[in-house]
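Order of appearance sets the numbers: ligands from 1, and atoms from 1 within every ligand. Along the sequence shown, the residues carry numbers beginning at 1.
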Amino acid sequence: MARTCRRCRATDVVIELRRHNASFCKECFRHHVREQVRRAIDDFDMLVPGERVLVAVSGGKDSLALWDILLDLGYEADGLYLGLGIGEYSDSSGEATRTFAARRQARLVEIDLPTDHGFDIPTAAAVTKRVPCSACGLSKRHLFNSAARDGGYAVVATGHNLDDEAAVLLGNVLRWDADYLGRQQPVLPATDGFVRKVKPLVRLDEREMAAYCVLSGIDYIVEECPNAVGNKHLGYKEALNVIEDQSPGSKNSFYFGFLARAADRFNQDTAADQGALVACASCGSPTTGTVCAFCKLVEKVVQV
Ligand code: AMP
Ligand code: FES
Ligand code: ZN
C-alpha cells in the first residue's frame, strides 16, 4: 500500500483504491466518497438543489451510506423502508434502518407488505410459482413510485453501486437485451405518473461502500437476502471481480464506456417497447393495461 494519503499526505492510510491508484486516510477517504457522489449527481443532473429526495433504504451498506451522504451534502433526504416479510432477514434489515434514522434524526417512511397489503414475498412466490425476486422487484418498483408520489417527492434515490450496474450491464449484453440496454441509465427521467429515479452511487464500488460504513460507524446488515444466493447476478459480479483484479478500472470503463458510447444506440428499442399509459383502475398508478401489475399480484395472492 502506498504510504501516504493522496489528499493530505498523512501516513495513517486506511484504504488503497487500485483503480484510482491512490491511498487515503480515514477522513480523506470519507471526503473522497462524498465527492464521488457529488460528481455523479452533477454529471448526470440527478438532483436539483432544494428538492425533497426519497431514499429507498434496505438496511444494507449501500443505501444506508447513500442516505448518510445525501444528508451530509445538505439534501432534504427522507428514507423509505419496505418490509418484505422475508423472515429474519426483513426483521434485521428494518431494525438497522430504524437505528440509523434515529441516530441521524432523519425521517423514515415505512411500508410493510404484510400489514399494509396483506401478503409477504415468500407467499407471493409460492402462489405465482415464480422466483421470489420477481414479485419482490415488481412490489419495490410500484411502492417506491407510489410512496414518492403520495409524499410529494419528485425523485427516488436507490443504492445501486458500480458493481451492481456493471453486473446488470454484463447480463444485458450477454443476452443482447436491447430494451433493457436502452433503459440502463443512472437517471430515469420522470414520465407521466412516474417520478425520477436516480442512482448516485454509480461511481463507487461495493468494497468502497462497506469501508465507508465501517469508517463512519454505520451498522448495516451484512447478510444478503436469502433468495439472492446463487442467482445469476452474483455470478456476473464474481466474473467481473476476476477481471477487475487483473486490470483495475475495467468495471469502471465497461460501465461508463457503455454510457458514453453505446447507451444512446438502444433508445429506439426502448421507445418502441412502451405502450400508452393510463391510470390503474384500482390504485391510479400508471399502467399499460386496465389494472397495474402490482394490483393484479395483490388480487391473486391475497385471495388465497
Ligand atoms: P436490491 O434490489 O436488493 O439490489 O437493492 C437495490 C436498492 O433498492 C437498494 O440499494 C435500496 O436503495 C433499494 N432497496 C432494496 N430493498 C429495499 C427495501 N426493502 N426497502 C427500501 N429500499 C430497498
Ligand atoms: Fe427481494 Fe430478496 S430482496 S427477493
Ligand atoms: Zn394498481
Side-chain angles (χ1 to χ4, degrees), residues 53-70 77-98 100-101 108-114 117 120-125 128 130-149 155-165 167-168 193 197-202 204 206 209 213 220-221 223-231 233-234 236-237 277-300:
V53 187
L54 189 60
V55 188
V57 189
S58 67
K61 61 185 186 324
D62 304 302
S63 48
L64 284 179
L66 172 62
W67 196 7
D68 191 59
I69 294 162
L70 291 180
D78 296 342
L80 168 66
Y81 173 71
L82 184 56
L84 301 163
I86 308 179
E88 153 74 11
Y89 168 74
S90 289
D91 296 342
S92 42
S93 56
E95 220 168 279
T97 307
R98 279 174 221 118
F100 176 87
L108 177 64
V109 178
E110 287 200 50
I111 300 174
D112 189 57
L113 269 187
H117 295 280
D120 57 29
I121 294 301
T123 309
T128 56
R130 299 192 57 187
V131 288
C133 303
S134 154
C136 180
L138 166 64
S139 303
K140 281 179 189 162
R141 278 192 300 280
H142 177 87
L143 293 169
F144 290 176
N145 193 62
S146 58
R149 285 177 50 194
V155 53
V156 171
T158 54
H160 295 94
N161 59 35
L162 177 61
D163 291 76
D164 294 322
E165 294 306 292
V168 170
K197 316 258 169 32
V198 300
K199 300 173 180 171
L201 298 185
V202 285
L204 292 150
E206 232 147 61
M209 297 324 296
C213 285
Y220 60 93
I221 50 152
E223 66 263 41
E224 296 268 349
C225 166
N227 302 316
V229 176
N231 75 11
H233 189 69
L234 290 181
Y236 297 149
K237 278 189 179 176
L277 292 172
V278 293
C280 164
S282 174
C283 74
S285 290
T287 175
T288 47
T290 319
V291 175
C292 78
F294 180 75
C295 288
K296 277 189 198 152
L297 176 72
V298 175
E299 203 177 307
K300 204 169 186 178

Legend entry - Heavy atom of the protein closest to atom 23 (C) of ligand 1 (residue, atom name, distance): F144 CZ, 3.6 Å
Legend entry - Nearest heavy atoms of K296 and V291, plus distance in Å: CE-O, 3.6 Å
Legend entry - Approximate separation, where rounding is to 0.5 Å, of H117 NE2 and H142 NE2: 6.5 Å
Legend entry - Any side-chain heavy-atom pair of L80 and I111 under 4.5 Å: yes
Legend entry - Closer than 2.8 Å to atom 2 (Fe) of ligand 2 - protein N, O or S atoms, ordered by chain and residue number: C225 SG
Inset, instruction - Calculate, to the nearest 0.5 Å, the distance between atoms NZ and CG belonging to K140 and L113 respectively. - result: 10.5 Å
Inset, instruction - Mind running side chain to side chain contact (heavy atoms under 4.5 Å, CB included) on S92 and E223 for me, showing each step along the way? - result: CA-CA 10 Å; S92 42; E223 66 263 41; 3.6 Å; yes
Legend entry - Nearest protein heavy atom under 4.0 Å from atom 3 (O) of ligand 1, yes or no: yes
Inset, instruction - Taking all non-hydrogen atoms of both residues into account, name the closest pair between W67 and A101 and its distance. - result: CH2-CB, 3.7 Å
Legend entry - atom 18 (C) of ligand 1 - nearest protein heavy atom and its distance: L82 O, 3.7 Å
Legend entry - Protein N/O/S count near the Zn ion (ligand 3) (criterion: distance under 2.8 Å): 4
Legend entry - Taking every non-hydrogen atom, the tightest pair across I86 and P226: CG2-CG, 3.9 Å
Inset, instruction - Measure the spacing between CD1 of I69 and CG of L201 and express it to the nearest 0.5 Å. - result: 6.0 Å
Inset, instruction - Would you check if the side chain of D163 reaches a backbone N or O of E206 as a donor-acceptor pair within less than 3.5 Å? - result: yes
Inset, instruction - Of the side chain and backbone of L66, name the one, both, or neither that has a heavy atom under 4.0 Å from an atom of ligand 1. - result: neither
Inset, instruction - Around atom 17 (C) of ligand 1, find the nearest protein heavy atom and jot down its residue, atom name and distance. - result: S58 CB, 3.5 Å
Inset, instruction - Could you find the nearest protein heavy atom to atom 1 (P) of ligand 1 and give me its residue, atom name and distance? - result: K140 NZ, 4.0 Å
Legend entry - Sub-4.0 Å atoms of ligand 1 with respect to non-hydrogen atoms of S63: 10 (O), 11 (C), 12 (O)
Inset, instruction - Around atom 7 (C) of ligand 1, find the nearest protein heavy atom and jot down its residue, atom name and distance. - result: H160 CE1, 3.8 Å
Legend entry - Closest non-hydrogen atom pair between L66 and T158, with its separation: CD2-O, 3.3 Å
Inset, instruction - Identify the two heavy atoms, one from G79 and one from V57, that lie closest to each other, and give their separation to 0.1 Å. - result: CA-CG2, 4.1 Å
Inset, instruction - Start with the C-alpha gap between S146 and C283, add the side-chain angles, then the distance that decides, and say whether side chain to side chain contact (heavy atoms under 4.5 Å, CB included) holds. - result: CA-CA 9 Å; S146 58; C283 74; over 6 Å; no
Inset, instruction - Name the closest protein heavy atom to atom 12 (O) of ligand 1, giving the residue it belongs to and the distance to 0.1 Å. - result: A56 O, 2.6 Å
Legend entry - N145 side chain to G193 backbone, donor-acceptor under 3.5 Å: yes
Legend entry - Nearest-contact summary for atom 9 (C) of ligand 1 - protein heavy atom, Å: G159 N, 3.9 Å
Legend entry - CG-CG distance between D112 and L82, expressed to the nearest 0.5 angstrom: 8.0 Å
Legend entry - Contacting atoms of ligand 1, where contact means under 4.0 angstrom from a heavy atom of T158: 12 (O)
Legend entry - Distance-only donor-acceptor check, side chains S63 and S58, under 3.5 Å: yes
Legend entry - Atoms of ligand 2, numbered as shown, that sit under 4.0 Å from any heavy atom of K140: 1 (Fe), 3 (S)
Legend entry - Minimum-distance pair of heavy atoms, taken over all atoms of A293 and L138: CB-CD1, 3.5 Å
Inset, instruction - Could you tell me whether V57 approaches ligand 1 through its side chain, its backbone, both or neither, with non-hydrogen atoms closer than 4.0 Å? - result: backbone
